[in-house]
Protein chains: 2
Amino acid sequence: MKKQYYIYKYPHPAVAVDCVVFGVVSSCLEILLIQRRNEPYKDSWALPGGFLGIDESLEEAVKRELSEEINYRPEYLYQIGAFGDPDRDPRERVISIAYYTFLQIEKACLVANSDAAKLEWFYIRNLPNLAFDHLKIVNAALEILQKKVKCEPFGYGLLPSKFRLSLLQSIYEDIIGEPLDKRNFRKKLLKYGLVKPLNEFEKIHPHRPARLYEFNYENYIKYKEKGIDLTR
Amino acid sequence: MKKQYYIYKYPHPAVAVDCVVFGVVSSCLEILLIQRRNEPYKDSWALPGGFLGIDESLEEAVKRELSEEINYRPEYLYQIGAFGDPDRDPRERVISIAYYTFLQIEKACLVANSDAAKLEWFYIRNLPNLAFDHLKIVNAALEILQKKVKCEPFGYGLLPSKFRLSLLQSIYEDIIGEPLDKRNFRKKLLKYGLVKPLNEFEKIHPHRPARLYEFNYENYIKYKEKGIDLTR
DNA sequence: TCAAAAGTGTTAACCATACACCCATGC
DNA sequence: GCATGGGTGTATGGTTAACACTTTTGA
């Protein structure tokens, strides 16, 4: 492999991408973190991500990094924003463009990558110390979800395709950080036709089994455009 | 001045900042554009902006560029996001981090900068052709305002400190692109105490003079946190 | 006296809120 | 039969939506 250098007339920062991967794991909203194997922040937990290739788009870079690091290639990415404090990376000036995505656990086969970096899901309300300014990035992502949840239906592409309404409700509660009224929440979902009941039930505990529902995609999109607040 | 080069082991993109400056001009929501004096896109209209200094924060870079280019140093900046299509700039790979800000015309003394680049306000619904992907950036900013206006009170720091309610209403209408009911709009603003009436009137046309109002900052902040939709 | 923009109130339908009890199951 | 989470209905008050006419001014 040829050794090469890149020369510029003016100093250039490095550009990286990072991604907050949300998933529903053990009935909670969690994010996927990687334990760093190198300095800086060796052994700390960090968002999956890496440096931008000079010819690839920002989204391609995220998809490539996630494929490599968590063996999952997301279809949809949503930009959180750019994080560029001059000292956010001790090595050199690095601007990170952060994204978030949803991972339906049923669709993913997560394996630690070939480098055997450790991967783990963490409940959003119980995160470990994070490398770099990754906590700031996660918090920015959560703020976006908090706003989203108050303006549009939420959960499609994140929850399993068949789910209990109480699971959807608890994801909402994880995001907004306060309890919702069960009766009102269900009434609204059904009234606007956002979910349709199935004749299937989930028996995961020694209690009454819960009915499963699917999103009604047509109405989901309709109210995504029109706007709806399921949190009240 | 010493000639110097900057050498990296991996290729680095350039990083720029651009800013959509919103102002209320001739009773409309307008943005400030600069006519480019150099290639590429010579003579096209473009957002004010420029390259990031290697040691300055993203926001500092925007403030510096706006000071230089439009003689106005904004206090608050809001990030739109990063725009990084590989071919968005024909010169080299450039990632642009875009911001928007509000400029109260009463507080600014805009002069074309020393380089005598032409500055002009353009109504958001009647923009000229823009350089680079700046139309995409402006549209992203407008989408943010469209969402904002449906979730929080809007206009503080943008409108003159004393204004007619019909001016505020028409700014809302510029953003959402549809007419609002005058009675309902005013009723809501007053009911929630978002504005307070003054004993001053504006006579700018040969008709009945309009009462001026100020924002009630305390309630404005309160409903910004709590959320309110003045568009319905 | 006309044209133009400012300003004002009421009603009916809908929606949000708050709240408590029964159901189905496995142990 | 009990513990646990699943599931349901109603009444009240507040919010939205729709609507048309009078006022003030300068020309």
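The basis for the numbers below is simple: all heavy atoms, side chains too, and nothing from hydrogens, waters or symmetry mates.
Taking 4.0 Å as the cutoff to heavy atoms of chain A, we find the contact window on DNA chain D bounded by D:dT4 to D:dT10.
Summarising the geometry, atom CZ belonging to B:F215 is positioned 11.5 Å from atom NZ belonging to B:K196; distances are rounded to the nearest 0.5 Å.
Taking only side-chain nitrogens and oxygens, B:Y213 never comes nearer than 4.0 Å to OP1 or OP2 of C:dG7.
A heavy-atom distance below 4.5 Å is not found between the side chains of B:P74 and B:L103.
Between A:E218 and A:K222, no side-chain nitrogen of the basic residue sits less than 4.0 Å from a carboxylate oxygen of the acidic one, so the salt-bridge criterion is not met.
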- Going 5' to 3' through nucleotides 18-27 of chain C and flagging B where a protein heavy-atom sits under 4.0 Å of the base, S where only the sugar-phosphate is that close, and - otherwise, we get BBB--BBBS-

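When all heavy atoms of A:Q146 and A:K150 are compared, the pair lying nearest together is O-CG, 3.5 Å.
In this structure, the CZ atom of B:F201 is 14 Å from the C1' atom of C:dA5, given to the nearest Å.
Figure legend: A:K148 and A:Y78 shown as a cation-pi pair, the cationic atom lying under 6.0 angstrom from the six-membered ring centre and within 45 degrees of its axis.
Taking the ring centroids of A:Y76 and A:Y156, they lie at or beyond the 6.0 Å cut-off.
Sorted by first and then second residue, the side chain to side chain donor-acceptor pair (under 3.5 Å) pairs with a member in residues 119-130 of chain B read B:Y123-B:D174; sequence neighbours excluded.
Residue contacts shown for A:F185 are absent, as no nucleic acid heavy atom lies under 4.0 Å away.
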